[in-house]
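What follows is one structure encoded as structure tokens, with my remarks underneath.
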Amino acid sequence: MIQTTWCLVFLSLSTQSTSTTAAGRCAPHERDALLAFRASFTDGKYLSSWRGEDCCQWNGVHCSNLTRRVVELQIRHSRVANSSIGFRGGQMNSSLLGLQHLRSLDLSYNDFNGMPVPEFIGGLTNLRYLYLSYSNFGGRVPPQLGNLSRLLHLDLGFSNVNTYYASVSDIHSDDLTWLSRLTKLHYLDLTKVNLSTVVDWAHVVNKLPSLVTLKMRLCTLQNSIPLPVHINLTSLQYLDLGGTDFRLPAGANSLFFWDLPSLLHLDMEGCGLQGLIPEKMGNMTSIIRIHLGANDLTGTIPATFRNLHNLEALWLSLNNLNGALSELLQRLAGNSLSTLWLYENNLTGRLPDQLGRFSNLTTLDLSYNRLSGGIPSSIGALTKLTELQLGFNNFDGTITEAHLGKLASLDYLDLSDNSLTVLVQERWVPPFKLTKAALRTRNMVLSRNQISGMLSATMLQEMEAETIFSEVLPTWIGDQLPSLALLSLRSNLFSGHIPQQLGKMKKLQYLDLASNSMSGTIPQTLGDLAAMAISPQDDGSLADIVDFGMSSGNTDLVTYTDSSLVTIKGQQLEFATGIMYLVNLDLSGNTFTGHIPEEIGKLAALKNLNLSWNHVSGVMPDSVGKLHSLESLDLSQNQLSGEIPASLSDLTSLAHLNLSYNCLTGKIPSGNQLQTLNDQASIYIGNPGLCGPPLTNSCSNANLTPSAPLESREFSDSVSFFLAMCCGYVVGLWTVFCLYLFKKDWRVVSLSFSDLLYDWIYVQVALSWAYLRGKHE
Ligand SMILES: *[C@@H]1O[C@H](CO)[C@@H](O)[C@H](O)[C@H]1NC(C)=O
Ligand SMILES: *[C@@H]1O[C@H](CO)[C@@H](O)[C@H](O)[C@H]1NC(C)=O
Ligand SMILES: *[C@@H]1O[C@H](CO)[C@@H](O)[C@H](O)[C@H]1NC(C)=O
Ligand SMILES: *[C@@H]1O[C@H](CO)[C@@H](O)[C@H](O)[C@H]1NC(C)=O
Ligand SMILES: *[C@@H]1O[C@H](CO)[C@@H](O)[C@H](O)[C@H]1NC(C)=O
Ligand SMILES: *[C@@H]1O[C@H](CO)[C@@H](O)[C@H](O)[C@H]1NC(C)=O
Ligand SMILES: *[C@@H]1O[C@H](CO)[C@@H](O)[C@H](O)[C@H]1NC(C)=O
Ligand SMILES: *[C@@H]1O[C@H](CO)[C@@H](O)[C@H](O)[C@H]1NC(C)=O
Ligand SMILES: *[C@@H]1O[C@H](CO)[C@@H](O)[C@H](O)[C@H]1NC(C)=O
Ligand SMILES: *[C@@H]1O[C@H](CO)[C@@H](O)[C@H](O)[C@H]1NC(C)=O
Ligand SMILES: *[C@@H]1O[C@H](CO)[C@@H](O)[C@H](O)[C@H]1NC(C)=O
């Protein structure tokens with residue numbers, strides 16, 4: 001044995017040394033065959049290396065060290081190689097048949113423009129590996145492939161990378177008899193090849209006993225003749241038949257699918273399976289992943305699932321499973337699940353305390369069931385969770401730090417449409433940073449007044465129960481929510497200062513802290529709110545939210561819609577999608593002190609600035625004149641002193657101004673827009689030191705030029721004016737109030753009135769919703 005090995009090595013070395021010294025190196029006829037074949041392709045960079053005598057040196061050509069014959073050809077579009085190989089059309093040159101030692105041929109990720117797989121490939125009888133996926137082949141799969149009796153790997157999946165769902169490519173086979181001759185096959189991928197007329201497909205693949213991987217996803221397989229009773233596929237580890245419509249009772253007459261002892265991965269998503277999940281599956285003791293989503297399965301998980309000790313992922317969403325969740329979970333107690341999808345079923349009962357034992361869970365989706373009761377604190381033991389979706393159930397009760405305090409990896413939290421209350425201690429900082437959160441309620445048909453009513457009623461209750469309100473805006477807000485675009489905490493009971501860190505919220509375009517009990521100075525860092533310095537674009541941060549609301553169309557998502565309430569120009573206006581263009585800073589109705597920072601002038605895109613009803617003092621900064629987009633400026637009811645800066649007349653977009661009830665002095669500036677504003681006298685009323693038009697007291701020591709007569713341009717109806725500005729967007733009414741992120745001493749945030757509590761940080765259409773839409777359409 002040892003002797004033989006030595007001998008071979010010696011032989012190999014000597015042959016190699018002679019061949020490397022020989023001229024030409026690769027066989028000339030193989031070189032010619034390759035060049036003729038190349039002519040079929042549009043020459044990208046990749047094939048341009050096909051020059052020179054030794055074809056073994058060419059890109060994608062691999063020769064045997066022993067014989068110097070071409071054994072592997074890889075003409076594969078790949079990003080790594082910077083290639084764009086393509087196909088010129090017409091016919092692929094059969095000169096390739098000259099490469100009789102070829103063991104591996106890879107033409108995947110090209111564009112063959114719908115032409116059929118060439119028949120001559122069936123003549124490459126030494127082939128072991130044939131890769132033709134994602135290459136836009138069309139037409140009939142040639143039965144000549146059945147001549148490749150040594151083939152181990154056949155990949156014809158996804159004829160076109162762009163046609164996963166659209167059925168553009170027409171690649172098909174009407175008769176798979178040729179396949180049964182490939183008895184050595186380990187790997188077979190026919191994904192998206194139309195096999196709808198092949199009645200005996202299961203019998204054909206059953207003749208391939210070496211199969212380890214079988215992918216026939218989206219092959220429109222039929223279940224018209226009885227399936228094989230005796231199963232040869234003892235080596236099969238990976239089976240994907242998803243997206244075929246068997247209309248098959250899952251329990252009976254389908255051993256073919258369930259009697260596969262080596263199976264690790266089973267995907268029968270959307271296969272029209274009906275009835276109970278077969279007990280037989282409990283015999284697939286090696287299985288790691290089971291995907292049976294989007295079928296018509298009923299009942300619960302069979303008790304035999306306890307035997308599936310290796311099960312890590314179970315997808316049973318979009319079925320009609322019923323019965324108690326606790327029983328279902330009990331039957332999964334024996335395994336180490338990391339992913340459990342049960343959304344959109346008919347499961348009932350409570351979330352059991354034993355949930356904590358699934359400590360490896362990273363994804364738990366129980367949304368859209370009929371679950372009720374409280375959330376057990378043992379959920380806090382699921383410390384690896386990244387996605388927790390409990391939305392659209394009937395859960396009630398309280399969520400505290402005990403639930404959330406250790407979920408450091410949490411990324412997506414959906415509690416929407418339940419009756420949950422979040423109750424956390426003061427100064428509690430969540431250990432997680434969510435990128436997606438859905439915290440909405442089902443009562444969206446309520447009018448704004450009804451909602452406000454509920455809101456204050458709940459607040460009142462809390463006051464009685466707890467007595468002290470000390471809600472402050474946390475300093476971490478800028479770090480934790482750098483992408484927040486809209487923050488509205490209007491009419492709450494917030495106190496404390498505006499944290500300097502707020503300036504880190506570079507996307508913040510809308511900040512409304514009006515009618516709270518906040519104090520301290522207006523931080524200079526507000527000038528760093530970059531999104532208030534540039535005009536919002538159609539694709540700006542808020543546009544995401546708007547698109548989300550709008551694109552929800554007629555699906556369930558429409559229930560999230562409501563209108564936004566904005567106070568501007570002295571009017572409460574309901575905004576539709578126009579809010580995406582609104583740049584707003586409203587700090588009115590608090591007890592802020594100090595002066596208006598000069599930095600405010602950086603927020604050049606501001607349309608509404610309201611600092612009224614505070615204790616702001618000092619002079620109005622000259623930089624106010626830089627706020628060229630400003631349409632509404634309200635500084636009334638403060639202690640501003642000094643003269644009104646002349647730069648105010650630079651605000652040519654101004655439609656509303658209120659400087660009343662301050663200590664302003666000197667001459668009122670004139671020019672441009674200033675004279676056109678309505679109700680001139682009340683703009684300046686309550687400032688005894690002011691003089692000149694439109695006030696009656698003249699500035700005695702100044703040489704006055706008569707000011708322009710009041711223009712009669714009317715904004716009699718500022719509502720219609722503003723809505724007109726948003727013209728074309730008043731389509732859907734909905735609201736986005738980004739209130740809180742499980743913070744602190746917004747102690748009691750009852751999700752039953754959380755219409756105002758939306759927290760979409762990045763609004764994304766979750767995968768589950770995409771599925772949902774698919775099912776509902
Ligand atoms: C294949 O290449 C050979 C040699 O260049 C040429 O003679 C022949 O016409 C080609 N055939 C096709 C179908 O392009
Ligand atoms: C052929 O030779 C090259 C270079 O010496 C070496 O990297 C490669 O592994 C060899 N291939 C085989 C199959 O021995
Ligand atoms: C791919 O192309 C880019 C730019 O054309 C170049 O910078 C890079 O080096 C290329 N990569 C390879 C692997 O050729
Ligand atoms: C290759 O397959 C075709 C069709 O299946 C058959 O007609 C032909 O005889 C086979 N050729 C060889 C060399 O076996
Ligand atoms: C598959 O082929 C059948 C028969 O030719 C055709 O009716 C059907 O539309 C095709 N299905 C797809 C998804 O292309
Ligand atoms: C596979 O099973 C079928 C029964 O469905 C049997 O007729 C056939 O001989 C078996 N083939 C192999 C290769 O084991
Ligand atoms: C599971 O396998 C065992 C042993 O092979 C067998 O006795 C039992 O009937 C199988 N169970 C089912 C439900 O098929
Ligand atoms: C969690 O996973 C680890 C490693 O995969 C495993 O050893 C452990 O038993 C699992 N724990 C549970 C409770 O399943
Ligand atoms: C859910 O189960 C109840 C009975 O428990 C039944 O009335 C209802 O129709 C089921 N829902 C669906 C969608 O099947
Ligand atoms: C400014 O805010 C106050 C108090 O919130 C409000 O009454 C007033 O109407 C607002 N001013 C404008 C111009 O919207
Ligand atoms: C300005 O605000 C005061 C109350 O602060 C109000 O009486 C007055 O009507 C307002 N003027 C305008 C033009 O809105």
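Whatever order the structure lists them in is the order used to number ligands and atoms, beginning at 1.
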(message) So if I apply the side chain to side chain contact (heavy atoms under 4.5 Å, CB included) rule between Leu640 and each of Val619, Ile596, Thr665, which one comes out positive?
(response) Ile596
(message) Taking side chain to side chain contact (heavy atoms under 4.5 Å, CB included) as the criterion, tell me which of Leu156, Val141, Leu130 meets it with Val117.
(response) Leu156
Please tabulate, line by line, the atom pairs linking an N/O of ligand 11 to a protein N/O at a distance below 3.5 Å, with the distance in Å to 0.1, or answer 'none'.
{"from": "ligand 11", "atom 1": "2 (O)", "to": "Asn658", "atom 2": "OD1", "distance (Å)": "3.4"}
{"from": "ligand 11", "atom 1": "2 (O)", "to": "Asn658", "atom 2": "ND2", "distance (Å)": "2.3"}
{"from": "ligand 11", "atom 1": "2 (O)", "to": "Ser660", "atom 2": "OG", "distance (Å)": "3.3"}
{"from": "ligand 11", "atom 1": "5 (O)", "to": "Gln637", "atom 2": "NE2", "distance (Å)": "3.1"}
{"from": "ligand 11", "atom 1": "11 (N)", "to": "Asn658", "atom 2": "ND2", "distance (Å)": "2.9"}
{"from": "ligand 11", "atom 1": "11 (N)", "to": "Ser682", "atom 2": "OG", "distance (Å)": "3.0"}
{"from": "ligand 11", "atom 1": "14 (O)", "to": "Asn658", "atom 2": "ND2", "distance (Å)": "3.3"}

(request) State the atoms of ligand 9, each with its element, that fall below the 4.0 Å cut-off from a heavy-atom position in Asn320. (result) 12 (C), 14 (O)
(request) Go through ligand 4 atom by atom and flag the ones less than 4.0 Å from a non-hydrogen atom of Arg181. (result) 5 (O)
(message) Is there a side chain to side chain donor-acceptor pair (under 3.5 Å) between Thr298 and Asn320? Walk through the geometry before answering.
(response) CA-CA 5 Å; Thr298 56; Asn320 205 1; over 6 Å; no
(request) Report yes or no: do Arg370 and Asn345 form a side-chain donor-acceptor pair below 3.5 Å? (result) no
(request) Decide whether an N or O pair under 3.5 Å exists between Asn147 and ligand 4. (result) yes
(request) Report the C-alpha distance between Ser647 and Asp650 in whole Å, list the side-chain angles of each, state the deciding distance to 0.1 Å, and finish with yes or no for side chain to side chain donor-acceptor pair (under 3.5 Å). (result) CA-CA 5 Å; Ser647 64; Asp650 296 344; 5.2 Å; no
(message) Looking at Trp315, I want to see if its CH2 is surrounded by more than 12 non-hydrogen atoms of other residues, nucleotides or ligands under 6.0 Å.
(response) yes
(message) Using 30° and 60° as the class boundaries, would you call the ring planes of His291 and Trp341 parallel, tilted or perpendicular?
(response) perpendicular
(message) To the nearest 0.5 Å, what is the distance between CD1 on Ile301 and CG on Leu321?
(response) 7.0 Å
(message) Using heavy atoms and a 4.0 Å limit, tell me yes or no: is Gly146 in contact with ligand 4?
(response) no
(message) One residue to check: Glu119. Relative to ligand 4, which of side chain, backbone, both or neither has a non-hydrogen atom less than 4.0 Å away?
(response) neither
